[in-house]
Engineer: 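Let me give you the structure first, and then I'll get to my questions.
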Amino acid sequence: MTHQQMILDIRRLARERNALILAHNYQRDEIQELADMTGDSLGLSLEAARTDRQVIVFCGVHFMAESAAILAPDKQVLLPRLDAGCPMADMVTAEGLREFKARHPGVPVVTYVNSTAAVKAESDICCTSANAIKVVNSLPDQEVILVPDRNLGRYIAQHTDKTCHFWEGYCPSHDRLTVEDVERARADYPQAVFMAHPECSPEILALADHICSTSGMYSFAAQSPAEQFIVGTEAGILYRLRRDNPDKQFVLPTTRLICPNMKLTSLDDVLKTLQTMGPQVTVAEPVRSRARVTLERMLAIPRD
Ligand code: 13P
Ligand code: SF4
């Protein structure tokens, strides 16, 4: 089947199934091009809850489909590749977190949305890379536990006077970026602005001109007068940055900024998902309700 035929078949089946196709900002270009909506993990889950379509095809990784299933339990959430996981989310288990909490009794747990439903259910409030500092500073407590990303955690710690206890997880894709990579890119593009995702290591963030989430990078690049940008996050973000800013140049400091899990989903997988209506992701009770409270506490914090 040709690429074009596959896209036509996916679109026809999506209409017949009343399905919405969502794609994370790190998905392959052809998946982002096909999707009804692209966005960050939380934005997509909120869209899944908002839409009146009954079926959500979530092109992303497992924890994102779980978040959609937590927020939209009446809908059918399909994940084209069940093996698309997130190594960072899997670095903490509910049991491990319970042990950590026992060592810091009474200290609230702030959990990054890049986490499993079971871990969210053990937490007090969620955060994203876009609102993490605000979420932590909204808490009345003087101490917080930050899970699972140590890099995001240390970034938050620089912007709060609270005592922070970190879980030592990290994103293997962002963690691959080295100071030498950034210095080389700076030498090659001396006029460029370097924007970095808070999942990068503290040494990288210390070199950044602007630190923000994936969605933050789109708005920053659009309004910045700069013409060249060094991009410190997963390669998939380049698709929309380049499409929406044709007069600007975007480069990665290294070709190693690839998340293999985010690249698993192909057009063929999306087509098969719509044909078979699977695999479906569900979150069983009582985990779902507890995880929902954790997400909703975050959503109740006013946005800027
Ligand atoms: P955001 O799109 O929420 O910034 O997430 C980054 C990420 O690593 C998703 O897996
Ligand atoms: Fe997980 Fe990192 Fe991949 Fe995002 S980019 S899904 S945090 S491994």
Side-chain angles (χ1 to χ4, degrees), residues 22-28 31-32 35 37-48 58-68 71 79-92 110-117 119-120 126-135 146-153 155-156 167-177 195-201 204-205 208 210-221 231-241 252 254-265 281 295 298-299 303:
L22 301 177
H24 187 266
N25 296 328
Y26 296 162
Q27 289 286 292
R28 296 185 194 184
I31 299 291
Q32 293 195 48
M37 186 185 155
T38 56
D40 60 25
S41 55
L42 185 73
L44 294 176
S45 299
L46 289 173
E47 186 58 28
F58 209 124
C59 303
V61 295
H62 194 268
F63 77 79
M64 297 179 182
E66 275 191 336
S67 294
L71 293 171
L79 181 67
R81 290 291 295 251
L82 212 46
D83 54 344
C86 169
M88 175 165 72
D90 294 337
M91 284 176 192
V92 55
V110 181
T111 294
Y112 191 23
V113 286
N114 295 31
S115 54
T116 63
V119 165
K120 287 186 178 79
C126 275
C127 71
T128 71
S129 51
N131 64 16
I133 296 166
K134 203 171 175 183
V135 167
L146 302 173
V147 176
D149 186 4
R150 66 179 181 209
N151 291 337
L152 178 66
Y155 171 64
I156 296 169
W167 189 271
E168 289 293 326
Y170 62 94
C171 163
S173 303
H174 285 84
D175 216 60
R176 273 199 283 272
L177 184 56
M195 49 184 188
H197 194 280
E199 287 176 23
C200 295
S201 68
I204 299 296
L205 295 183
H210 188 67
I211 299 168
C212 56
S213 65
T214 53
S215 305
M217 286 188 188
Y218 296 126
S219 42
F220 179 74
V231 183
T233 196
E234 211 274 347
I237 198 162
L238 295 178
Y239 169 76
R240 230 168 96 194
L241 282 174
L252 291 179
T254 167
T255 52
R256 298 189 312 281
L257 269 169
I258 301 271
C259 172
N261 287 281
M262 280 288 182
K263 296 294 179 267
L264 281 175
T265 309
V281 172
L295 276 167
M298 170 186 75
L299 297 174
R303 294 194 210 177

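Whatever order the structure lists ligands and atoms in, that order sets their numbers, starting from 1.
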Engineer: Could you walk me through whether Val61 and His24 pass the side chain to side chain contact (heavy atoms under 4.5 Å, CB included) check?
Structural biologist: CA-CA 9 Å; Val61 295; His24 187 266; over 6 Å; no

Engineer: For atom 2 (Fe) of ligand 2, report each protein N, O or S atom nearer than 2.8 Å, sorted by chain and then by residue number.
Structural biologist: Cys171 SG

Engineer: Using the rule side-chain hydrogen bond (donor to acceptor under 3.5 Å, both in side chains), only one of Ser215, Ser129, Ser213 pairs with Asp40; which is it?
Structural biologist: Ser215

Engineer: Going by ring pair (Phe, Tyr, Trp, His ring centres under 6.0 Å), name the residues that satisfy it together with Phe63, two or more places apart in sequence or in a different chain.
Structural biologist: none

Engineer: Indicate the atoms forming the closest heavy-atom contact of Cys200 with Gly232, along with that distance.
Structural biologist: SG-O, 3.4 Å

Engineer: Pairs under 3.5 angstrom, nitrogen or oxygen on both sides, ligand 1 versus protein: list them out, please.
Structural biologist:
{"residue": "ligand 1", "atom": "2 (O)", "partner": "His24", "partner atom": "NE2", "Å": "2.9"}
{"residue": "ligand 1", "atom": "2 (O)", "partner": "Thr214", "partner atom": "OG1", "Å": "2.7"}
{"residue": "ligand 1", "atom": "4 (O)", "partner": "Ser129", "partner atom": "OG", "Å": "3.1"}
{"residue": "ligand 1", "atom": "4 (O)", "partner": "His197", "partner atom": "NE2", "Å": "2.9"}
{"residue": "ligand 1", "atom": "4 (O)", "partner": "Thr214", "partner atom": "N", "Å": "3.4"}
{"residue": "ligand 1", "atom": "4 (O)", "partner": "Thr214", "partner atom": "OG1", "Å": "3.3"}
{"residue": "ligand 1", "atom": "8 (O)", "partner": "Glu199", "partner atom": "OE1", "Å": "3.2"}
{"residue": "ligand 1", "atom": "8 (O)", "partner": "Glu199", "partner atom": "OE2", "Å": "3.0"}
{"residue": "ligand 1", "atom": "10 (O)", "partner": "Asn114", "partner atom": "ND2", "Å": "3.4"}

Engineer: Is there a side chain to side chain contact (heavy atoms under 4.5 Å, CB included) between Glu234 and His197 once you walk through the steps?
Structural biologist: CA-CA 9 Å; Glu234 211 274 347; His197 194 280; over 6 Å; no

Engineer: Distance check, rounded to the nearest 0.5 Å: Met298 atom CE versus Lys120 atom NZ?
Structural biologist: 9.0 Å

Engineer: Output the distance between atom CG (Leu44) and atom CG (Leu42), rounded to the nearest 0.5 Å.
Structural biologist: 9.0 Å

Engineer: Sequence neighbours excluded, which residues qualify as ring pair (Phe, Tyr, Trp, His ring centres under 6.0 Å) partners of Phe220?
Structural biologist: His210

Engineer: Grab the two heavy atoms, one from Ile156 and one from Ile133, that are nearest each other, plus how far apart they are.
Structural biologist: CA-CG1, 4.4 Å

